[in-house]
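Only one structure is covered here, and it is reproduced in the block below.
Only heavy atoms go into these numbers, but all of them, side chains included; no hydrogens, no water, no symmetry mates. All of these numbers come straight from a predicted model, not from anything done at the bench. Lettering follows sequence order; numbering is per chain, from 1.
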2 protein chains.
Amino acid sequence: MDIDLASRLGALADPVRLAIVGLLAGGERCVCDLQERVAVAPNLLSYHLRVLREGGLVRSARRGRWVDYRLDGDGFSSLWAALFAAGVPLAGQAVPAGRARPACEDPSGDA
Amino acid sequence: MDIDLASRLGALADPVRLAIVGLLAGGERCVCDLQERVAVAPNLLSYHLRVLREGGLVRSARRGRWVDYRLDGDGFSSLWAALFAAGVPLAGQAVPAGRARPACEDPSGDA
DNA sequence: TCGCCAAATCAATATCCATTGATTCAATGG
DNA sequence: CCATTGAATCAATGGATATTGATTTGGCGA
């Protein structure tokens, strides 16, 4: 992957950007369409779209005067894969029950 | 849920906290144990643990002089559920192929 | 070519968040 | 009690990030 896992997660960790992703979850939309639905200034919307783009979560394509955005399926897949590799319990994954190691000050073993 | 989705995601969007979660993925550990493995100052570790706690991702329990931390399975479950509800494509979910609506300026229909 | 429109970029500010150092709290043992 | 140890909190700083306003770029049509 190109950029840091924490940054890619951070790209998603914002209310405006979550709203954008939610809209794009319905399919491709042009910026002007998003603009009507996400109450932020046009340049700010552009900024958030750039963060999502640099996080590898969306892709853009110019269409005449307009620019269309859509979710990047590969970007999301690789994000979840990286989280899984980092040990983060994803949907449906159980969390381990016991200790990772004997308790500190436990005479039965430490390190 | 108690706190905002973006904040809960943000709780995970930090290299130190991802490292902590990765360690706790192996099972419960006391702070002193984490301390030996996550090169940050003790008070800073405490801070990051608090962010994770407030994000509902970990739980803590005092054991004598020590405090044990473990992942909160319900917290993670509800996080993924909230992301799913927001439309975010989770692992294994495909992103839609077409447009969410007819292209702007497309004579075949707009809104 | 001029003007317009959609979108992006730039520069500046404000706000938030990670980091630091010092202090406080809780539990234990002398 | 008092000293010690593990952990959390507090106050202050620095750096990053969101937001704003002004400017710029790309594409289209009169």
Side-chain angles (χ1 to χ4, degrees), chain A residues 3-21 23-24 28-55 57-70 101 103-107 110, chain B residues 3-21 23-24 28-55 57-70 101 103-107 110:
Chain A
I3 84 172
D4 178 77
L5 173 55
S7 308
R8 290 193 290 164
L9 258 185
L12 208 49
D14 177 277
V16 174
R17 294 194 292 266
L18 279 169
I20 294 171
V21 169
L23 285 167
L24 295 181
E28 192 170 24
R29 289 177 187 271
C30 70
V31 174
C32 54
D33 182 2
L34 293 170
Q35 185 63 71
E36 291 172 356
R37 293 171 166 76
V38 202
V40 296
N43 53 351
L44 185 53
L45 177 59
S46 210
Y47 163 75
H48 284 296
L49 286 170
R50 179 153 61 93
V51 174
L52 287 170
R53 245 187 293 125
E54 290 172 350
L57 301 179
V58 305
R59 296 194 156 279
S60 64
R62 184 171 276 276
R63 177 175 48 85
R65 270 194 272 212
W66 300 275
V67 174
D68 292 326
Y69 276 82
R70 60 191 163 80
R101 51 177 28 249
C104 52
E105 268 235 338
D106 181 341
D110 197 346
Chain B
I3 82 170
D4 176 79
L5 173 54
S7 309
R8 291 194 290 162
L9 257 187
L12 209 50
D14 177 277
V16 173
R17 295 194 290 267
L18 279 169
I20 294 171
V21 169
L23 285 167
L24 295 180
E28 193 170 25
R29 290 177 186 270
C30 70
V31 175
C32 54
D33 182 2
L34 293 171
Q35 184 63 70
E36 292 172 354
R37 293 172 165 74
V38 202
V40 297
N43 54 349
L44 185 52
L45 177 58
S46 209
Y47 163 75
H48 284 296
L49 287 170
R50 180 154 59 94
V51 174
L52 287 170
R53 241 187 297 126
E54 289 172 351
L57 301 179
V58 305
R59 295 194 157 282
S60 64
R62 183 171 277 275
R63 177 175 48 85
R65 267 195 272 217
W66 299 276
V67 175
D68 292 325
Y69 277 82
R70 61 191 163 79
R101 52 176 28 248
C104 53
E105 271 241 333
D106 180 341
D110 197 345

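Each of V51(A) and Y47(B) lies near DNA chain D, and the nucleotide nearest Y47(B) is the one positioned closer to the 5' end. In terms of position on DNA chain C, the residue among R50(A) and R17(B) whose nearest nucleotide sits closer to the 5' end is R50(A).
Atom P of nucleotide dA18(C) and atom CG of L49(B) are separated by 13 Å, given to the nearest angstrom. Between the P atom of dA18(C) and the CG atom of L45(B) lies a distance of 14 Å, rounded to the nearest Å. A straight line from CG of L44(B) to P of dG14(D) spans 17 Å, rounded to a whole angstrom. Rounded to whole Å, atom P of dC28(D) lies 8 Å from atom CH2 of W66(A). Q35(B) has its CD atom 8 Å from the P atom of dA7(D), to the nearest Å. Between L9(B) atom CG and dC17(C) atom P there is a gap of 14 Å when expressed in whole angstrom units. At whole-Å resolution of the value, CD in E36(B) and P in dA7(D) are 10 Å apart. Summarising the geometry, the separation between CZ on R53(B) and P on dT9(D) is reported as 6 Å, rounded to the nearest angstrom.
For the pair R65(A) and C104(B), the minimum side-chain heavy-atom distance is 4.5 Å or more. Looking only at side-chain heavy atoms (C-beta outward), L57(A) and V21(A) stay at 4.5 Å or farther from each other.
Using a 4.0 Å cut-off, some side-chain N or O of Y69(A) falls inside it from OP1 or OP2 of dA8(C). Look at H48(A) and you'll find a side-chain N or O under 4.0 angstrom from OP1 or OP2 of dT19(D).
With a cut-off of 3.5 Å on both Watson-Crick or G-U wobble distances, the partner of dG30(C) is given as dC1(D).
Checking side-chain atoms of R53(A) against main-chain N and O of G55(A) turns up no donor-acceptor pair under 3.5 Å. Under the 3.5 Å distance criterion, the side-chain polar atoms of Q35(B) are matched with a main-chain donor or acceptor of V40(B). For R17(B) (side chain) and G10(B) (main-chain N/O), a donor-acceptor pair under 3.5 Å exists by modelled atom type.
For R62(B), whose side chain is taken as the heavy atoms from C-beta onward, the closest listed nucleotide among dA27(C), dA6(C), dT19(D) is dA27(C). Closest to the side chain of R65(B), from the set dT20(D), dA7(C), dA27(C), is dA27(C).
Contact annotation for N43(B): base contact, defined as any heavy-atom pair under 4.0 Å involving a base atom.
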